[in-house]
Amino acid sequence: MNEVRRSSERGYADHGWLKSFHSFSFADYFDPRHVEFGALRVINEDRVEPGKGFGTHGHRDMEIISYVLSGALAHQDSIGNGSTIRPGDVQRMSAGTGIRHSEFNPSTTEPVHFLQIWIQPNALGIAPSYEEKRFDAAAKRGQLRLIASSDRSEGSVLIHQDARVYAGLLNGAESAALKAGTGRRLYVHVARGAVAANGIALDAGDALKLTDEPALTLTDGRDAEVIVFDLPG
(Lines give C-alpha, C1' and ligand atoms only; values in the text may rest on other atoms or scores of the structure.)
Protein backbone atom coordinates (compact mmCIF):
# COMPACT_ATOMS: atom_id res chain seq x y z
CA MET A 1 0.00 0.00 0.00
CA ASN A 2 1.25 3.47 -0.94
CA GLU A 3 0.22 6.71 0.74
CA VAL A 4 1.47 10.11 -0.40
CA ARG A 5 1.66 13.05 2.00
CA ARG A 6 2.24 16.35 0.24
CA SER A 7 4.35 19.13 1.70
CA SER A 8 1.38 21.50 1.81
CA GLU A 9 -0.54 19.07 4.05
CA ARG A 10 2.02 19.26 6.87
CA GLY A 11 1.58 21.29 10.02
CA TYR A 12 3.27 24.69 10.09
CA ALA A 13 4.41 27.05 12.83
CA ASP A 14 5.87 30.55 12.35
CA HIS A 15 7.53 31.93 15.48
CA GLY A 16 9.40 34.69 13.66
CA TRP A 17 12.89 33.44 14.44
CA LEU A 18 11.76 29.85 13.71
CA LYS A 19 9.71 28.53 10.82
CA SER A 20 8.87 24.84 11.14
CA PHE A 21 6.96 22.27 9.09
CA HIS A 22 5.71 19.21 10.98
CA SER A 23 5.26 15.90 9.14
CA PHE A 24 3.68 14.42 12.28
CA SER A 25 1.63 15.84 15.15
CA PHE A 26 3.89 18.08 17.21
CA ALA A 27 3.42 20.88 19.78
CA ASP A 28 0.25 22.82 18.86
CA TYR A 29 -0.27 20.88 15.63
CA PHE A 30 -2.34 17.71 16.00
CA ASP A 31 -3.73 15.49 13.27
CA PRO A 32 -4.98 12.06 14.43
CA ARG A 33 -4.20 10.64 10.96
CA HIS A 34 -0.54 11.66 11.26
CA VAL A 35 0.74 11.00 14.76
CA GLU A 36 3.49 8.54 13.88
CA PHE A 37 4.50 5.91 11.34
CA GLY A 38 5.64 2.87 13.23
CA ALA A 39 8.57 3.95 15.38
CA LEU A 40 9.00 7.20 13.40
CA ARG A 41 7.49 9.94 15.54
CA VAL A 42 8.78 13.34 14.33
CA ILE A 43 10.19 14.93 11.21
CA ASN A 44 10.39 18.68 11.69
CA GLU A 45 11.83 20.81 8.90
CA ASP A 46 13.19 23.84 10.73
CA ARG A 47 14.63 27.17 9.57
CA VAL A 48 16.24 29.22 12.35
CA GLU A 49 17.25 32.85 11.88
CA PRO A 50 20.87 33.99 12.49
CA GLY A 51 21.78 34.27 16.16
CA LYS A 52 18.62 32.49 17.34
CA GLY A 53 17.87 29.04 18.63
CA PHE A 54 16.25 26.67 21.10
CA GLY A 55 17.17 27.34 24.74
CA THR A 56 18.08 24.55 27.11
CA HIS A 57 15.27 22.00 27.31
CA GLY A 58 14.90 18.34 28.21
CA HIS A 59 14.07 15.03 26.49
CA ARG A 60 13.53 11.47 27.70
CA ASP A 61 13.35 8.09 25.99
CA MET A 62 13.71 9.23 22.40
CA GLU A 63 16.28 8.79 19.63
CA ILE A 64 16.88 12.25 18.13
CA ILE A 65 18.69 12.79 14.83
CA SER A 66 19.63 16.22 13.47
CA TYR A 67 20.44 16.51 9.74
CA VAL A 68 21.60 19.91 8.46
CA LEU A 69 20.67 20.95 4.91
CA SER A 70 22.32 24.39 4.93
CA GLY A 71 24.00 26.65 7.47
CA ALA A 72 25.30 25.46 10.83
CA LEU A 73 23.75 24.24 14.09
CA ALA A 74 25.53 24.50 17.45
CA HIS A 75 24.74 21.97 20.18
CA GLN A 76 25.40 21.88 23.94
CA ASP A 77 24.12 19.21 26.32
CA SER A 78 24.07 18.14 29.94
CA ILE A 79 26.40 15.18 29.41
CA GLY A 80 29.31 17.35 28.30
CA ASN A 81 29.01 17.51 24.52
CA GLY A 82 29.38 20.67 22.51
CA SER A 83 29.84 20.93 18.75
CA THR A 84 28.65 22.61 15.57
CA ILE A 85 27.26 20.48 12.75
CA ARG A 86 27.01 21.42 9.08
CA PRO A 87 25.69 19.81 5.87
CA GLY A 88 26.99 16.25 5.70
CA ASP A 89 27.06 15.80 9.46
CA VAL A 90 24.59 13.50 11.22
CA GLN A 91 24.03 14.02 14.93
CA ARG A 92 22.40 11.39 17.14
CA MET A 93 21.27 11.92 20.71
CA SER A 94 19.74 9.11 22.75
CA ALA A 95 17.78 10.86 25.49
CA GLY A 96 17.25 7.75 27.63
CA THR A 97 16.76 8.53 31.32
CA GLY A 98 16.98 12.24 30.56
CA ILE A 99 19.15 14.79 28.82
CA ARG A 100 19.05 18.57 28.54
CA HIS A 101 20.42 20.40 25.52
CA SER A 102 20.30 23.59 23.49
CA GLU A 103 20.44 24.17 19.74
CA PHE A 104 21.58 27.49 18.33
CA ASN A 105 22.38 29.10 15.00
CA PRO A 106 25.88 30.52 15.57
CA SER A 107 25.93 32.56 12.34
CA THR A 108 25.25 36.29 12.39
CA THR A 109 24.23 36.33 8.72
CA GLU A 110 23.01 32.93 7.51
CA PRO A 111 19.88 30.97 8.52
CA VAL A 112 20.22 27.29 9.35
CA HIS A 113 17.92 24.81 7.61
CA PHE A 114 17.76 21.36 9.14
CA LEU A 115 15.64 18.30 9.85
CA GLN A 116 15.03 17.11 13.38
CA ILE A 117 13.94 13.47 13.46
CA TRP A 118 12.62 11.54 16.45
CA ILE A 119 12.49 7.75 16.51
CA GLN A 120 10.89 5.95 19.43
CA PRO A 121 13.40 3.57 21.07
CA ASN A 122 12.85 -0.14 21.68
CA ALA A 123 14.32 0.12 25.19
CA LEU A 124 13.39 2.68 27.85
CA GLY A 125 15.55 4.03 30.62
CA ILE A 126 18.92 3.63 28.92
CA ALA A 127 21.88 5.89 29.73
CA PRO A 128 21.79 9.07 27.62
CA SER A 129 24.46 9.29 24.91
CA TYR A 130 25.58 11.40 21.96
CA GLU A 131 27.27 10.73 18.62
CA GLU A 132 27.98 12.51 15.37
CA LYS A 133 29.53 11.43 12.08
CA ARG A 134 30.13 12.95 8.69
CA PHE A 135 28.73 11.51 5.45
CA ASP A 136 29.94 13.75 2.64
CA ALA A 137 28.12 14.30 -0.65
CA ALA A 138 30.23 11.72 -2.50
CA ALA A 139 29.07 9.00 -0.08
CA LYS A 140 25.42 9.76 -0.89
CA ARG A 141 25.67 10.56 -4.59
CA GLY A 142 23.51 8.26 -6.71
CA GLN A 143 22.81 5.86 -3.86
CA LEU A 144 21.15 5.43 -0.48
CA ARG A 145 23.85 5.65 2.19
CA LEU A 146 23.08 4.09 5.57
CA ILE A 147 23.48 6.83 8.19
CA ALA A 148 21.79 5.35 11.29
CA SER A 149 21.12 1.78 12.43
CA SER A 150 20.76 -0.44 15.48
CA ASP A 151 24.18 -2.06 14.95
CA ARG A 152 26.41 0.72 13.51
CA SER A 153 26.49 -1.09 10.14
CA GLU A 154 28.64 0.53 7.46
CA GLY A 155 29.86 3.14 9.94
CA SER A 156 26.38 4.50 10.66
CA VAL A 157 25.48 6.18 13.94
CA LEU A 158 23.76 4.03 16.56
CA ILE A 159 20.04 4.22 17.30
CA HIS A 160 18.23 2.10 19.87
CA GLN A 161 15.52 0.77 17.57
CA ASP A 162 15.28 -1.89 14.86
CA ALA A 163 15.35 0.79 12.18
CA ARG A 164 17.70 1.86 9.42
CA VAL A 165 17.94 5.42 8.10
CA TYR A 166 19.40 6.22 4.68
CA ALA A 167 20.28 9.46 2.89
CA GLY A 168 20.74 9.88 -0.85
CA LEU A 169 21.50 12.52 -3.47
CA LEU A 170 19.95 11.93 -6.89
CA ASN A 171 20.06 13.93 -10.11
CA GLY A 172 19.36 13.16 -13.75
CA ALA A 173 19.89 9.52 -14.68
CA GLU A 174 21.02 8.49 -11.17
CA SER A 175 18.84 5.93 -9.40
CA ALA A 176 18.79 4.03 -6.13
CA ALA A 177 16.87 1.03 -4.81
CA LEU A 178 16.13 -0.53 -1.44
CA LYS A 179 14.50 -3.88 -0.70
CA ALA A 180 11.97 -4.08 2.12
CA GLY A 181 12.14 -7.10 4.40
CA THR A 182 9.06 -9.14 5.24
CA GLY A 183 6.80 -7.21 7.60
CA ARG A 184 8.79 -3.98 7.23
CA ARG A 185 7.57 -0.55 6.22
CA LEU A 186 9.39 2.24 4.38
CA TYR A 187 9.00 6.00 4.68
CA VAL A 188 10.46 8.36 2.07
CA HIS A 189 10.97 12.05 2.88
CA VAL A 190 12.17 14.45 0.18
CA ALA A 191 14.33 17.02 1.93
CA ARG A 192 14.82 19.11 -1.20
CA GLY A 193 14.58 18.94 -4.96
CA ALA A 194 12.30 16.40 -6.63
CA VAL A 195 12.35 12.66 -7.30
CA ALA A 196 10.12 9.78 -8.39
CA ALA A 197 9.61 7.05 -5.76
CA ASN A 198 8.20 3.85 -7.30
CA GLY A 199 7.07 6.03 -10.17
CA ILE A 200 5.29 8.57 -7.94
CA ALA A 201 6.48 12.16 -8.42
CA LEU A 202 7.52 13.81 -5.15
CA ASP A 203 8.69 17.37 -4.49
CA ALA A 204 10.53 18.91 -1.56
CA GLY A 205 8.64 18.27 1.68
CA ASP A 206 6.57 15.45 0.22
CA ALA A 207 6.58 11.98 1.74
CA LEU A 208 5.63 8.47 0.64
CA LYS A 209 4.59 5.72 3.06
CA LEU A 210 5.11 2.16 1.82
CA THR A 211 3.49 -0.77 3.63
CA ASP A 212 3.68 -4.36 2.37
CA GLU A 213 5.69 -3.26 -0.66
CA PRO A 214 8.71 -5.40 -1.63
CA ALA A 215 11.03 -2.58 -2.65
CA LEU A 216 11.61 1.12 -3.20
CA THR A 217 13.10 2.56 -6.39
CA LEU A 218 14.12 6.21 -6.70
CA THR A 219 14.55 7.73 -10.17
CA ASP A 220 14.25 11.03 -12.09
CA GLY A 221 15.96 13.11 -9.42
CA ARG A 222 16.22 16.86 -9.86
CA ASP A 223 18.82 17.99 -7.32
CA ALA A 224 17.06 15.69 -4.85
CA GLU A 225 18.15 14.97 -1.29
CA VAL A 226 16.12 12.10 0.16
CA ILE A 227 15.88 10.49 3.59
CA VAL A 228 14.50 6.92 3.72
CA PHE A 229 13.44 5.06 6.86
CA ASP A 230 13.29 1.26 7.00
CA LEU A 231 11.06 0.56 9.99
CA PRO A 232 9.62 -2.46 11.81
CA GLY A 233 6.04 -3.23 10.93
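Nothing fancy with the numbering, it's 1 onward along the sequence. The basis for the numbers below is simple: all heavy atoms, side chains too, and nothing from hydrogens, waters or symmetry mates.
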Colleague: Atom CG of residue position Asp28 - does it have more than 12 heavy atoms of other residues, nucleotides or ligands inside 6.0 Å?
Modeller: no

Colleague: Between the side chain of Arg41 and the main-chain N/O of Val35, is any donor-acceptor distance below 3.5 Å?
Modeller: yes

Colleague: Indicate yes or no for a side-chain donor-acceptor contact from His57 to the backbone of His101 under 3.5 Å, with no hydrogens or angles considered.
Modeller: yes

Colleague: Before you tell me yes or no, could you show the steps for Asp203 and Val190 under side-chain contact (heavy atoms from CB on, under 4.5 Å), namely the whole-Å CA-CA distance, both residues' side-chain angles and the distance that decides it to 0.1 Å?
Modeller: CA-CA 7 Å; Asp203 293 316; Val190 181; over 6 Å; no

Colleague: Going hydrophobic residue to hydrophobic residue with side-chain gaps under 4.5 angstrom, can you get from Leu144 over to Leu115?
Modeller: no

Colleague: Let me see the working for Glu63 and Ser94 under side chain to side chain donor-acceptor pair (under 3.5 Å), right down to the final yes or no.
Modeller: CA-CA 5 Å; Glu63 303 294 296; Ser94 296; 2.7 Å; yes

Colleague: Hey, is the main chain of Leu158 close enough, under 3.5 Å, to the side chain of Arg92 for a donor-acceptor pair?
Modeller: yes

Colleague: Which residue in the set Gln91, Gln116, His75 passes side chain to side chain donor-acceptor pair (under 3.5 Å) when paired with Glu103?
Modeller: Gln116

Colleague: Report yes or no: does Arg184 contribute a side-chain atom to a donor-acceptor pair with the main-chain N or O of Asp230 at less than 3.5 Å?
Modeller: yes

Colleague: Under the 6.0 Å and 45° cation-pi test, does Arg145 pair with Phe135?
Modeller: no

Colleague: Would you compute the distance between atom CD of Glu154 and atom CD1 of Ile147 and round it to the nearest 0.5 angstrom?
Modeller: 12.0 Å

Colleague: With a 3.5 Å distance limit and no angle check, can you tell me whether Asn171 reaches the backbone of Glu174 through a side-chain donor-acceptor pair?
Modeller: no

Colleague: Using only atom types and a distance under 3.5 Å, with no angle test, would you say the side chain of Asp61 pairs donor to acceptor with the backbone of Gly125?
Modeller: yes

Colleague: Would you give the length of the straight line joining atom CD1 of Ile159 to atom CZ of Arg152, rounded to the nearest 0.5 angstrom?
Modeller: 11.0 Å

Colleague: Okay, side chain of Lys52, backbone of Phe104: is any donor-acceptor separation there less than 3.5 Å?
Modeller: no

Colleague: May I ask you to check if Arg164 and Phe229 form a cation-pi contact, with NZ or CZ under 6.0 angstrom from the six-membered ring centre and within 45° of the axis?
Modeller: no

Colleague: Keeping the roles fixed (side chain from Ser78, backbone from Arg100), state whether a donor-acceptor pair exists under 3.5 Å.
Modeller: yes

Colleague: For Asp212 and Met1, run side-chain contact (heavy atoms from CB on, under 4.5 Å): C-alpha distance rounded to whole Å, both residues' side-chain angles, the deciding distance at 0.1 Å, then the answer.
Modeller: CA-CA 6 Å; Asp212 297 324; Met1 183 179 72; 5.9 Å; no

Colleague: Is the backbone of His34 close enough, under 3.5 Å, to the side chain of Ser25 for a donor and an acceptor to pair up by distance?
Modeller: yes

Colleague: Going from CD on Glu49 to CH2 on Trp17, what distance comes out if it is rounded to the nearest 0.5 angstrom?
Modeller: 10.0 Å

Colleague: Please report the interatomic distance OG(Ser102) to CG(Asp77), rounded to the nearest 0.5 Å.
Modeller: 8.5 Å

Colleague: How about Arg10 and Ser7: does a side-chain donor come under 3.5 Å of a side-chain acceptor?
Modeller: yes

Colleague: Do you see a donor-acceptor pair shorter than 3.5 Å between the side chains of Tyr187 and Glu3?
Modeller: no

Colleague: Looking at Arg222, I want to see if its CZ is surrounded by more than 12 non-hydrogen atoms of other residues, nucleotides or ligands under 6.0 Å.
Modeller: no

Colleague: Show, in sequence, the C-alpha distance, side-chain angles and deciding distance for Leu186 and Leu178, and conclude whether the side-chain contact (heavy atoms from CB on, under 4.5 Å) test is met.
Modeller: CA-CA 9 Å; Leu186 300 177; Leu178 183 66; 4.1 Å; yes

Colleague: Any idea which heavy atoms bring Ala148 and Ile65 closest together, and the distance?
Modeller: CB-CD1, 4.0 Å

Colleague: Assess the residue pair Leu18 and Arg47 against the criterion (side-chain contact (heavy atoms from CB on, under 4.5 Å)); give the C-alpha distance rounded to whole Å, side-chain angles, the decisive distance to 0.1 Å, and a yes or no.
Modeller: CA-CA 6 Å; Leu18 165 68; Arg47 289 176 172 83; over 6 Å; no

Colleague: Can you tell me how far CD1 of Ile117 sits from CG of Asn44, rounded to the nearest 0.5 angstrom?
Modeller: 9.5 Å

Colleague: Do Ser175 and Thr219 have a side chain donor and acceptor closer than 3.5 Å?
Modeller: no

Colleague: Side chains of His113 and Glu45: is there a donor and an acceptor less than 3.5 Å apart?
Modeller: yes

Colleague: Say whether Ser20 and Asp46, considering side chains only, have a donor N or O and an acceptor N or O under 3.5 Å apart.
Modeller: yes

Colleague: Check whether Arg5 reaches the backbone of Ser23 with its side chain - one donor and one acceptor, N or O, closer than 3.5 Å.
Modeller: yes

Colleague: Under the criterion side-chain contact (heavy atoms from CB on, under 4.5 Å), which of Asp89, Asn105, Leu73 is the partner of Phe114?
Modeller: Leu73

Colleague: Taking the six-membered ring for Trp, are Phe21 and Tyr12 parallel (under 30°), tilted (30 to 60°) or perpendicular (over 60°)?
Modeller: tilted

Colleague: Could you tell me how the ring of Phe26 sits relative to the ring of Trp118: parallel (under 30°), tilted (30 to 60°) or perpendicular (over 60°)?
Modeller: perpendicular

Colleague: Working to the nearest 0.5 angstrom, can you tell me the gap between Thr217 OG1 and Asn198 CG?
Modeller: 5.5 Å

Colleague: Output, in order, the C-alpha distance, side-chain angles, deciding distance and verdict of side chain to side chain donor-acceptor pair (under 3.5 Å) for Ser83 and Glu132.
Modeller: CA-CA 9 Å; Ser83 67; Glu132 66 178 66; 2.6 Å; yes

Colleague: Are Val165 and Ile43 joined in one hydrophobic group, where the rule is that I, L, V, M, F, W and Y side chains link up if heavy atoms are under 4.5 Å apart?
Modeller: yes

